[in-house]
Amino acid sequence: MSSPTTSVGQVTASVIQAGTQSVAGPTVTARANFAFTLQLASVESQWAYTGSFADPSKPVGDLEWRTTSLPWQPIGRSQAALVAGVLPGSTETTRTLEFRVQWRWGDTPPGYYAMPIQITLVAP
């Protein structure tokens, strides 16, 4: 994995006004000579919020993810397949994640938001 963190920065009024914010995520590389799946899921059911307003209890589904080979899909607590397959031992597969956050007036006050995401390698 190219980086353990991805930052959307501080959520300001102009970010909320835009409605959505896309950020480049990490690049994940897998190499295997047996069946495998890389899975992605949120660790929590809502975003952690730090700011001067009441915690908005922002749901994790307001974060969507994709790779160049997959459409946008909301992240959830259930594992979703990021990439799966059987590769020869000398071959790698690489996927770059992209994230898109939904920001809305009324339920997204300015501040800082965080959400732990877990990427899991599953093999028989």
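When a residue number appears, it is its place in the shown sequence, counting from 1.
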**Q** With sequence neighbours left out, what residues match Pro71 under side-chain contact (heavy atoms from CB on, under 4.5 Å)?
**A** none
**Q** For Ser45, give me all partners under side-chain contact (heavy atoms from CB on, under 4.5 Å), at least two apart in sequence or on another chain.
**A** Arg77
**Q** Using only atom types and a distance under 3.5 Å, with no angle test, would you say the side chain of Tyr113 pairs donor to acceptor with the backbone of Gly9?
**A** no
**Q** Holding to ring-ring contact (aromatic ring centres under 6.0 Å, His included), I want the full list of residues that pass it with Phe99, two or more places apart in sequence or in another chain.
**A** none
**Q** Using the rule given for side chain to side chain contact (heavy atoms under 4.5 Å, CB included), can you reason through Arg100 versus Gln102, listing the C-alpha separation, both sets of side-chain angles and the distance that settles it, and then say yes or no?
**A** CA-CA 7 Å; Arg100 181 171 68 184; Gln102 304 295 322; 3.8 Å; yes
**Q** Taking only residues two or more places apart in sequence, or in another chain, which ones meet Gln46 in a side-chain contact (heavy atoms from CB on, under 4.5 Å)?
**A** Asp55, Ser57
**Q** List for me each residue that meets side chain to side chain donor-acceptor pair (under 3.5 Å) alongside Thr67, sequence neighbours excluded, and say none if there are none.
**A** Ser69
**Q** Looking at residues at least two apart in the chain, or sitting in another chain, which of them share a side chain to side chain donor-acceptor pair (under 3.5 Å) with Ser2?
**A** none
**Q** Compare all side-chain heavy atoms of Trp47 with those of Pro56 and state whether any distance is below 4.5 angstrom.
**A** no
**Q** Could you tell me which non-hydrogen atom of Pro109 sits nearest to which non-hydrogen atom of Ala54, and how far apart they are?
**A** CG-O, 4.1 Å
**Q** What residues, two or more places apart in sequence or in another chain, satisfy side chain to side chain donor-acceptor pair (under 3.5 Å) together with Thr96?
**A** Thr27
**Q** Please tell me if the side chains of Ile117 and Leu63 come closer than 4.5 Å, counting only heavy atoms from C-beta onward.
**A** yes
**Q** To check you understand the geometry: which heavy-atom pair defines the closest contact between Gly61 and Pro74, and what is its length?
**A** O-CB, 3.6 Å
**Q** Apply salt bridge (Lys or Arg N to Asp or Glu O under 4.0 Å) to Arg104 and list each qualifying residue two or more places apart in sequence or on a separate chain.
**A** Asp62, Asp107
**Q** So do Gln17 and Trp103 actually touch side chain to side chain, heavy atoms under 4.5 Å?
**A** no
**Q** Distance from Ile119 atom CD1 to Gln79 atom CD, nearest 0.5 Å?
**A** 10.0 Å
**Q** What are the two closest non-hydrogen atoms of Ala30 and Phe36, and how far apart are they?
**A** CB-CE1, 3.8 Å
**Q** Glu44: what forms a salt bridge (Lys or Arg N to Asp or Glu O under 4.0 Å) with it, not counting sequence neighbours?
**A** none
**Q** Do Tyr49 and Trp105 land in one hydrophobic cluster if side-chain heavy atoms of ILVMFWY residues count as linked below 4.5 Å?
**A** yes
**Q** Do the side chains of Pro110 and Thr12 get nearer than 4.5 Å, heavy atoms only?
**A** no
**Q** If a pair satisfies ring pair (Phe, Tyr, Trp, His ring centres under 6.0 Å) and one of its residues is in residues 51-84, list it, with sequence neighbours excluded.
**A** none
**Q** Show the nearest heavy-atom pair for residues Pro26 and Thr6, with the distance to one decimal.
**A** CD-OG1, 3.4 Å
**Q** Among all residues two or more places apart in sequence or in another chain, which pass the side-chain contact (heavy atoms from CB on, under 4.5 Å) test with Val60?
**A** Ser42, Ile75, Met115
**Q** What do the steps show when you test Val101 against Lys58 for side chain to side chain contact (heavy atoms under 4.5 Å, CB included), and what is the final call?
**A** CA-CA 11 Å; Val101 186; Lys58 186 172 183 60; 4.2 Å; yes
**Q** How long is the gap from CE on Met1 to CG on Leu38, to the nearest 0.5 Å?
**A** 10.5 Å
**Q** Could you work out, with side chain to side chain donor-acceptor pair (under 3.5 Å) as the rule, every residue matching Thr37, not counting sequence neighbours?
**A** none
**Q** Side chain of Gln21, backbone of Val15: donor and acceptor closer than 3.5 Å?
**A** no
